Amino acid sequence: RKLIEFKQVSKEYQIGEVRIKALDGVNFTIAEGELVVILGASGAGKSTILNILGGMDTATSGQVIIGNQDITKWSEKKRTAHRGENVGFVFQFYNLIPNLNALENVEFATEVCRDHLDAEAVLTQVGLSHRLHNFPSQLSGGEQQRVAIARALAKNPMLLLCDEPTGALDYVTGKAVLKLLQQVNRDHKTCVVLVTHNAAIAPIADKIIKVKSGGIESVTINDNKQSIE
Ligand code: ADP
Ligand code: ADP
């Protein structure tokens with residue numbers, strides 16, 4: 001079943017006299033439970049797609065359907081609620097709060113959330129039961145990203161949006177993070193959308209959406225999906 005649909009979505013930014021077309025008539029669909037990789041060069045429009053999906057930004061024109069609702073018609077207040085309740089975010093540089101330990105970082109994110117999971121349980125699930133009381137500065141890059149993933153998952157979101165989640169990690173650590181995202185997708189049926197410029201990541205996806213200069217270059221169903229061991 002279809003969870004997300006972009007229909008002729010365009011996004012323009014106005015900087016002084018200059019108009020920048022970040023997205024131009026973008027169309028794609030994402031099914032429930034799918035793991036999608038959005039692939040493209042820097043500046044192609046990947047983050048803009050993710051920000052619109054998460055309700056952090058709005059399209060200039062077109063429709064963005066999530067479930068059976070067109071979120072382009074939503075108020076700022078409704079988009080904020082969507083962001084808080086339905087969507088988990090994972091960023092390249094983790095964005096943890098430096099003066100909170102791992103457990104507190106996860107708890108802080110779930111405070112406003114009605115149906116959240118237990119913070120300690122989720123940290124255990126990502127393999128960090130021994131790091132609950134460590135501060136971000138006391139954790140390796142891979143561990144910090146796992147805290148960030150736990151923080152996103154604790155909200156029990158229907159949608160997990162990841163922007164270059166392995167961009168700051170070495171190959172082996174990055175691979176472990178991708179494995180974790182695959183497990184989350186498989187075990188919780190959470191829809192995962194991962195944007196990256198790194199083509200080597202694409203084989204882990206059910207669907208690969210290639211973006212180029214604000215448009216869709218191709219959408220491929222990956223019949224040869226690689227499970228990370
Ligand atoms: P990607 O994530 O693929 O690197 P982005 O979605 O960040 O690409 O950017 C797409 C285009 O939109 C780029 O030309 C970028 O410079 C422009 N852009 C993105 N965000 C803004 C903004 N807030 N203001 C102006 N231009 C922006
Ligand atoms: P990685 O191979 O992921 O980069 P590191 O070599 O940075 O890992 O860290 C290895 C271990 O040392 C990790 O378990 C991490 O928690 C711990 N560690 C790293 N930096 C610190 C620090 N400043 N204080 C305490 N423990 C640390």
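Values below: all heavy atoms of this structure, side chains included; hydrogens, waters and symmetry mates excluded. Because the structure is a prediction, the values reported are computed rather than measured. Order of listing sets the numbers, starting from 1, for every ligand and every atom in it.
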Checklist line | Salt bridge present between E143 and R131 (N-O < 4.0 angstrom) | finding: yes
Notebook entry, point to check: At under 4.0 Å between heavy atoms, which part of D163 makes contact with ligand 1: side chain, backbone, both or neither?
Noted result: neither
Check: Tell me, which protein residue and heavy-atom name are nearest atom 27 (C) of ligand 1, and how many Å apart are they?
Finding: Y13 CD1, 3.3 Å
Notebook entry, point to check: Is K11 positioned over the aromatic face of Y13, cation under 6.0 angstrom from the ring centre and no more than 45 degrees off axis?
Noted result: yes
Note to self: Against ligand 1, does G40 come closer than 4.0 Å with any heavy atom?
What the structure shows: no
Checklist line | Whether G214 lies under 4.0 Å from ligand 1, heavy atom | finding: no
Checklist line | Proximal atoms of ligand 1 relative to A41 (non-hydrogen, under 4.0 Å) | finding: 3 (O)
Margin query: So if I count the atoms of ligand 1 from 1 in the order they appear, which ones are less than 4.0 Å from some heavy atom of I15?
Written below: 25 (C)
Next item on the list: Compute the shortest N/O to N/O distance between G43 and ligand 1 and return yes if it is under 3.5 Å, no if not.
Entry: yes
Item checked: Close-contact set for ligand 1 against S42 heavy atoms, below 4.0 Å -> 4 (O)
Next item on the list: Kindly assign one of parallel, tilted or perpendicular to the pair W74 and H82, based on the angle between their ring planes and the thresholds 30° and 60°.
Entry: perpendicular
Check: CD of Q144 to CZ of R151: how many Å apart, nearest 0.5 Å?
Finding: 10.5 Å
Margin query: Check this for me - ligand 1, A44, N or O atoms closer than 3.5 angstrom, yes or no?
Written below: yes
Next item on the list: Looking only at protein heavy atoms, identify the closest one to atom 7 (O) of ligand 1 and say how far it is in Å.
Entry: S47 CB, 3.7 Å
Notebook entry, point to check: How far is atom 6 (O) of ligand 1 from its nearest protein heavy atom, and which residue and atom name does that atom have?
Noted result: T48 OG1, 2.6 Å
Next item on the list: With the side chain counted from C-beta on, respond yes when N222 and K207 share a heavy-atom pair under 4.5 Å apart, and no when they do not.
Entry: no
Notebook entry, point to check: Can Q145 and V90 be said to form a side-chain contact (heavy atoms from CB on, under 4.5 Å), step by step?
Noted result: CA-CA 8 Å; Q145 193 60 299; V90 175; 3.5 Å; yes
Notebook entry, point to check: What distance do L159 atom CG and R83 atom CZ have between them, rounded to the nearest 0.5 Å?
Noted result: 13.5 Å
Margin query: How far is atom 12 (O) of ligand 1 from the closest protein heavy atom, and which atom is that?
Written below: A22 CB, 3.2 Å
Item checked: Exercise check, heavy-atom protein proximity under 4.0 Å to atom 15 (C) of ligand 1 -> no
Next item on the list: Would you indicate whether the side-chain heavy atoms of H188 and Q183 approach each other to under 4.5 Å?
Entry: no
Note to self: Just verifying a value: how many Å separate Q125 CD and L180 CG, rounded to the nearest 0.5 Å?
What the structure shows: 7.0 Å
Notebook entry, point to check: ligand 1 and G45, any nitrogen or oxygen pair closer than 3.5 angstrom?
Noted result: yes
